[in-house]
Amino acid sequence: MQIHVNIDALLARERISAGELAARVGITPANLSILKNDKARAIRFSTLIALCRELHCQPGDLLTCEEGPEDKQI
Amino acid sequence: MKSKTPRSLILTEIFLYILAVCLLALDVFLWPLSGWYMQLRQITGATTRIVLVVVLYACSLPGWMILFELFRLIRNMKRGSVFVDQNVGILRIVSYSCLLVGIITFAGGFFYQPFFFVTVAALFLTLIVRVVKNVLQQAIDMKDELDFTV
């Protein structure tokens with residue numbers, strides 16, 4: 001199982017670019033890329049709140065639990 | 001605190017160079033040095049001298065390996081890459097080299113008993129280096145986790 005961060009679909013729905021979202025949330029584009037590519041090991045509540053605020057969604061819309069090729073070590 | 005770190009590294013590097021020169025001198029002058037030592041401690045017998053020379057030459061090989069690896073470690077630290085897997089590998093090699101010294105001196109101890117003291121010291125050093133290696137590995141894992149926390 002692994003956590004998938006569903007940013008791409010929400011970005012398309014809100015019609016904003018990844019760079020703009022990174023600037024609004026206050027994280028670097030590199031960190032947003034880590035999130036988008038499911039490479040993140042953890043996400044801070046403050047980041048999650050800012051993402052939900054900017055993407056007008058709930059944490060459940062942003063994060064989904066999916067079957068992965070291998071379990072991530074957390 | 002920050003300004004002290006490079007000075008400490010430079011000091012460590014100077015000590016490493018001094019150690020390398022000492023080890024080179026030992027390798028070059030081991031035969032006359034062993035004669036002088038045997039005269040000083042009033043030890044007789046050609047076999048003991050040969051054992052001394054063979055054991056010390058055998059120990060100088062892991063000694064060079066340790067010095068080489070420590071130079072690599074210092075170079076990495078100068079570059080600012082402290083918490084990297086390469087440094088764990090370096091400490092692993094250093095610990096195995098210490099263990100090798102312990103094994104060689106243990107074998108030599110059956111011919112010249114004072115070598116057993118070196119064995120104990122080498123095995124103790126092996127343990128210390130392995131603990132430091134494990135701590136570094138843990139620190140790298142924690143840094144990795146922190147780097148991928150958004």
Side-chain angles (χ1 to χ4, degrees), chain A residues 1-11 14 16-66 68-74, chain B residues 1-9 65-66 68-70 72-100 123 125-150:
Chain A
M1 298 289 280
Q2 65 172 31
I3 299 290
H4 172 63
V5 186
N6 199 20
I7 284 184
D8 283 325
L10 292 167
L11 277 175
E14 294 296 317
I16 55 170
S17 68
E20 197 182 336
L21 178 67
R24 283 193 200 174
V25 171
I27 59 174
T28 61
N31 273 345
L32 188 68
S33 173
I34 287 172
L35 266 180
K36 274 176 69 177
N37 296 321
D38 293 337
K39 286 182 179 168
R41 301 277 290 268
I43 182 165
R44 290 189 189 90
F45 275 176
S46 56
T47 311
L48 193 59
I49 289 167
L51 281 170
C52 290
R53 184 188 66 226
E54 296 302 329
L55 294 170
H56 305 105
C57 64
Q58 290 296 311
D61 304 325
L62 203 58
L63 306 173
T64 49
C65 198
E66 292 179 354
E70 59 186 62
D71 284 354
K72 267 189 183 177
Q73 276 189 328
I74 297 172
Chain B
M1 190 72 187
K2 265 187 176 179
S3 62
K4 276 184 183 174
T5 314
R7 200 182 297 168
S8 166
L9 276 181
M65 183 66 99
I66 290 170
F68 175 70
E69 294 299 327
L70 287 179
R72 278 178 66 201
L73 187 66
I74 290 288
R75 191 189 60 196
N76 281 352
M77 286 173 85
K78 272 183 170 175
R79 284 179 187 161
S81 48
V82 180
F83 298 108
V84 290
D85 284 328
Q86 197 189 25
N87 288 349
V88 176
I90 286 172
L91 287 179
R92 186 181 293 121
I93 293 171
V94 169
S95 74
Y96 284 144
S97 299
C98 287
L99 186 67
L100 191 60
L123 292 180
L125 202 61
T126 305
L127 278 178
I128 292 171
V129 175
R130 283 204 76 81
V131 168
V132 172
K133 183 209 80 132
N134 289 336
V135 168
L136 186 68
Q137 182 68 67
Q138 193 92 17
I140 289 168
D141 290 345
M142 285 171 78
K143 186 181 178 289
D144 195 42
E145 185 122 347
L146 200 67
D147 283 347
F148 286 99
T149 297
V150 182

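Quick note: numbers below take in every heavy atom, side chains included, and nothing from hydrogens, waters or symmetry partners. Note that this is a predicted model, so its numbers are computed, not measured. We name chains A, B, ... by the order of the sequence lines, and we start the count at 1 in each one.
- Within the model, atoms CG of B:Asp141 and CZ of A:Arg41 stand 7.5 Å from one another, a figure rounded to the nearest 0.5 Å.
- The CZ atom of B:Phe148 sits 14.5 Å away from atom CD1 of A:Ile43, with the distance rounded to the nearest 0.5 Å.
- Around atom CD of A:Glu66, more than 12 heavy atoms belonging to other residues, nucleotides or ligands sit under 6.0 Å away.
- Note that OG1 of B:Thr149 is 6.0 Å distant from CZ of A:Arg44, once rounded to the nearest 0.5 Å.
- Applying the side-chain hydrogen bond (donor to acceptor under 3.5 Å, both in side chains) criterion to B:Ser95, with sequence neighbours excluded, gives B:Arg130.
- No option in A:Thr28, A:Leu51, A:Thr47 other than A:Thr47 meets the side-chain contact (heavy atoms from CB on, under 4.5 Å) test with B:Val150.
- For A:Arg24, the salt bridge (charged side-chain N to carboxylate O under 4.0 Å, His left out) test picks out A:Glu20, A:Glu54, with sequence neighbours left out.
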